[in-house]
Amino acid sequence: AKRKQRRVRDTGRPSPVNWYFMRVCTGIEGVCPPLCTWAQLKDGTISLAEVEQFHFAMDELQGKYIEAINNARNSPK
């Protein structure tokens with residue numbers, strides 16, 4: 001399924017950033033560090049197949065993080 005293009009919050013216009021590539025370079029704060037650099041993507045050190053694998057890993061880590069937060073909120077005290 002094709003992902004919906006992110007929009008700039010203030011203007012509602014499409015983001016000029018290609019988050020498919022930038023996400024693996026920025027990581028997910030508090031969940032996952034950056035998995036590569038922009039230079040590695042540009043010079044071909046990291047392949048598109050690896051970028052896809054990084055996305056799968058980041059999605060799984062983010063899902064586990066959200067699940068852990070929800071479990072902590074819903075646990076009896």
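In this chain, numbering begins with 1 at the start of the sequence shown. Atoms considered below: every heavy atom in the structure, side chains included; atoms not considered: hydrogens, waters and symmetry mates.
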**From H55 atom NE2 to F21 atom CZ, the distance as rounded to the nearest 0.5 Å** = 8.0 Å
**Shortest non-hydrogen contact between P34 and C25, atoms and distance** = CB-O, 3.1 Å
**Prompt:** Which is it for L41 and E50 under the side-chain contact (heavy atoms from CB on, under 4.5 Å) test, yes or no, and what are the steps along the way?
**Reply:** CA-CA 10 Å; L41 291 174; E50 290 170 309; over 6 Å; no
**Atom CD of E60: over 12 foreign heavy atoms under 6.0 Å** = no
**Request:** Treating Ile, Leu, Val, Met, Phe, Trp and Tyr as nodes and any side-chain heavy-atom pair under 4.5 angstrom as an edge, say whether F56 and Y20 lie in one connected cluster.
**Result:** no
**Request:** Calculate, to the nearest 0.5 Å, the distance between atoms CD1 and OG1 belonging to I46 and T37 respectively.
**Result:** 7.5 Å
**Message:** Working to the nearest 0.5 angstrom, can you tell me the gap between L35 CG and M58 CE?
**Reply:** 5.5 Å
**Message:** Salt bridge or not between D59 and R23? Use side-chain N to carboxylate O under 4.0 Å.
**Reply:** yes
